[in-house]
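Below is one structure; the comments refer to it alone.
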Amino acid sequence: MDYSTATTTAANGYSSPRDSSFPSSFTKFNSALTAGLLNPMSPPLPPAMLDKTRSSPTLFEMMASEADTIGKVPVQIHNGVLPSPSSSSSSSSAAATAARTTNVTHLVISAQDKQALAMQRISDLLVIRSPGNQFNDPNSSDVKLTLSSKDGISITMCVHRQILVAHSRFFAMKLSDRWSKQQLPPSSSPYIVEISDCDDVEVYIETLMLMYCRDLRKKMMRQDVSRVLGILKVSAAIGFDAGVLSCLEYLEAAPWSEDEEYRIASLLSELHLENVGATEVLRRVSVEASNGSNGSNGGSNDEVLLNLLHIVLEGKDEKARRDMKTLVSKMLRENSSGNDLRKESLYLACDGCLHKLKRQFLQAAESDLENVDQIARQADNLHWILDILIDRQIAEDFIVMWASLSELSEVHSKVPVVHRFEISRVTARIFVGIGKGQILTPKEVRCLLLRNWLTPFYDDFGWMRRASKGLDRYLIEDGLSNTILTLPLAWQQEFFLAWFDRFLNSNEDCPNIQRGFEVWWRRAFWRRKEQSQEPPRLRVTASATDNS
């Protein structure tokens with residue numbers, strides 16, 4: 001905002017280039033409504049009254065002409081009083097009247113009407129004062145302060161030099177003794193101060209009013225976060241330290257919405273108020289503010305997130321576990337920078353689940369079904385961790401680990417299918433990841449994975465398809481086809497011929513990877529035949545001709 005001072009008395013009344021007789025759209029609407037022109041059920045008017053009514057512009061004409069006059073009226077308030085309708089600025093009063101009818105109309109509020117609403121609020125703010133409060137008291141004041149904004153609002157109020165100087169470094173400089181001596185000789189005329197280009201005149205007035213308030217804390221409790229941010233900005237600009245501290249105290253204790261959180265952090269960063277308490281406010285949303293700017297919080301984040309993982313993995317209520325898995329996955333996906341949770345921490349959690357799975361699976365293979373439900377539980381945990389690893393593009397080590405579990409694949413058939421099919425869901429997720437290019441591993445690892453886990457996957461596919469809700473069969477079949485097709489052609493033949501034999505004997509209980517089979521067939525035979533039948537290429541040579 002631009003600050004300036006002057007030694008002449010501020011002009012009273014309005015400075016209005018607009019036709020002062022032009023009423024606002026709300027007043028026109030109200031007049032038309034009162035006259036019955038907008039009620040389609042009203043009886044027809046008598047001809048005489050109709051002629052009398054038509055002598056005024058119609059509602060359509062008034063609304064059509066509104067666009068030519070919007071936003072052209074700078075409005076002034078002197079000593080907090082709006083001019084009367086009989087003055088040359090009657091249009092502003094009409095707009096203020098229109099502001100009181102906004103609850104019963106559905107017209108779009110024009111720029112003029114918005115300005116009128118603001119002027120009405122400012123007028124009410126200046127006029128209503130508590131007993132004993134001398135703010136805007138023309139009898140005791142010795143400074144006339146004029147505030148103006150870029151949108152044309154200008155107000156003049158009565159304030160006290162002693163109070164402004166005591167509370168604001170800006171006013172202490174502007175109203176210093178040296179400056180006072182440059183004023184006119186002592187007289188009954190007060191000092192004149194003008195401040196132009198205010199962002200928000202209403203907020204500026206509220207900030208000045210706080211200088212007259214004995215209990216700033218109580219006054220702040222009546223505000224909302226948005227208004228307090230405006231007061232904070234003005235207080236910082238004019239060096240009103242008590243106002244700054246009161247705003248920061250309010251912001252530290254009041255609840256914020258997520259949108260307000262961003263605005264608060266942005267404004268505090270802009271104003272650089274760390275030395276006066278802004279750090280306390282930011283402790284809510286900044287780990288650096290809580291631990292100090294010099295400390296590293298990476299380990300702390302990793303510890304908290306790892307603890308969350310273990311709580312979810314060990315949870316007792318299955319429904320709550322599913323909900324929290326979704327929540328944690330969402331949070332990790334939104335902040336997938338990789339700095340919040342180390343790879344080693346994820347694989348540490350993975351190793352714990354895998355160890356429990358192996359122990360329980362081997363017991364079940366020996367017909368010891370005590371706690372056999374842990375197989376499905378730990379397989380589900382591994383499936384969830386695998387999703388996180390794939391999202392973070394660090395799942396290659398998991399595939400190596402899973403492909404090497406030959407001791408489990410060898411005893412797979414000894415465990416009842418109702419208890420083991422969840423393991424095949426992990427295998428299916430790996431097929432989808434490889435088939436989509438989300439996991440890149442050497443061909444030897446992919447081949448080992450298929451050799452150890454493809455037959456158990458076929459055995460469980462029927463159960464998995466019927467028992468797993470939301471299973472996308474076609475996605476899994478496409479992933480398996482693409483996984484096999486990533487291998488050398490001779491290895492593709494081994495797996496596709498084994499599938500062909502199995503599919504003919506089990507049909508619906510075996511995944512249909514016919515598309516991949518056809519691709520392999522074309523690669524292995526059609527193209528080979530085309531290459532063998534390709535005619536020898538002709539070599540065309542051109543001999544040099546002697547033109548001499």
Side-chain angles (χ1 to χ4, degrees), residues 255-259 261-262 265 283-291 295-358 360 371 373-402 421-434 436 438-439 464 467-472 475-476 479:
W256 310 338
S257 67
E258 290 191 16
D259 178 62
E261 174 183 316
Y262 174 80
R283 287 185 190 276
R284 285 199 205 177
V285 295
S286 173
V287 177
E288 290 82 357
S290 298
N291 298 339
S296 173
N297 62 316
S300 178
N301 282 351
D302 182 80
E303 182 179 350
V304 170
L305 290 170
L306 184 59
N307 188 38
L308 286 178
L309 284 177
H310 282 297
I311 291 174
V312 173
L313 295 175
E314 300 297 332
K316 302 299 182 183
D317 187 279
E318 286 302 320
K319 183 180 183 303
R321 269 176 20 99
R322 288 194 301 269
D323 292 342
M324 292 303 101
K325 282 180 179 180
T326 302
L327 175 62
V328 173
S329 297
K330 177 177 178 291
M331 293 189 302
L332 292 175
R333 194 174 296 113
E334 290 175 350
N335 185 23
S336 57
S337 62
N339 297 325
D340 51 356
L341 187 59
R342 295 181 298 116
K343 175 181 177 180
E344 294 77 11
S345 298
L346 281 170
Y347 274 98
L348 182 63
C350 181
D351 289 342
C353 295
L354 186 59
H355 177 73
K356 295 177 182 178
L357 174 66
K358 289 170 62 177
Q360 196 59 51
N371 297 324
D373 58 319
Q374 285 295 315
I375 296 176
R377 180 187 178 90
Q378 299 307 325
D380 182 64
N381 286 339
L382 288 170
H383 190 285
W384 179 51
I385 295 176
L386 176 59
D387 276 334
I388 297 174
L389 295 173
I390 292 175
D391 282 342
R392 292 171 173 256
Q393 301 177 338
I394 53 174
E396 293 77 12
D397 292 346
F398 184 96
I399 309 307
V400 175
M401 177 182 62
W402 191 258
F421 75 90
E422 287 287 350
I423 288 183
S424 291
R425 287 186 61 239
V426 178
T427 304
R429 181 65 183 95
I430 295 175
F431 290 154
V432 172
I434 295 176
K436 285 187 172 184
Q438 298 171 333
I439 309 171
M464 183 171 60
S468 299
K469 296 181 180 180
L471 185 74
D472 191 336
L475 180 66
I476 295 173

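A 4.5 Å side-chain heavy-atom check between K436 and L475 finds at least one atom pair inside the cut-off. Using a 4.5 Å heavy-atom cutoff, the side chains of D472 and V432 are not in contact. For the pair H310/L306, a side-chain contact is recorded, criterion being any heavy-atom separation below 4.5 Å from C-beta on. Residues W402 and L386 form no side-chain contact, since every pair of their non-hydrogen atoms from C-beta on lies 4.5 Å or further apart.
L313 CG to C353 SG: the interatomic distance, rounded to the nearest 0.5 Å, is 4.5 Å. Between the CD1 atom in I423 and the CD1 atom in I375 there is a gap of 6.0 Å [rounded to 0.5 Å]. To the nearest 0.5 Å, the span separating CG on L332 from CG on D391 amounts to 9.0 Å. In this structure, NZ in K316 is found 10.0 Å from CD in E318, a value given to the nearest 0.5 Å. The structure places SG of C350 at 10.5 Å from CD of Q378, a figure rounded to the nearest 0.5 Å. Note: M401 CE to Y347 OH = 6.5 Å, rounded to the nearest 0.5 Å.
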Side chain to side chain contact (heavy atoms under 4.5 Å, CB included) assessment of M324 paired with L308 = CA-CA 9 Å; M324 292 303 101; L308 286 178; over 6 Å; no
Please step through side chain to side chain contact (heavy atoms under 4.5 Å, CB included) for the pair F398 and L346, ending with a clear verdict.
-> CA-CA 10 Å; F398 184 96; L346 281 170; over 6 Å; no
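For A379 against V426, the heavy-atom pair with the smallest separation is O-CG2, 3.5 Å. The nearest pair of heavy atoms linking R425 to S468 is CD-OG, 3.4 Å.
Around CD of E344, the count of heavy atoms belonging to other residues, nucleotides or ligands within 6.0 Å exceeds 12. Surrounding CD of Q393 are at most 12 heavy atoms belonging to other residues, nucleotides or ligands under 6.0 Å away.
Salt-bridge check for R377 with E422: failed, with every basic side-chain N at 4.0 Å or more from each acidic carboxylate O. K325 has a carboxylate O that lies under 4.0 Å from a charged side-chain N of D380, or vice versa, which qualifies the two as a salt bridge.
With sequence neighbours excluded, no residue forms a salt bridge (charged side-chain N to carboxylate O under 4.0 Å, His left out) with E261.
Here the rule is side chain to side chain donor-acceptor pair (under 3.5 Å) with N381, and of Q374, R321, E314 only R321 fits it.
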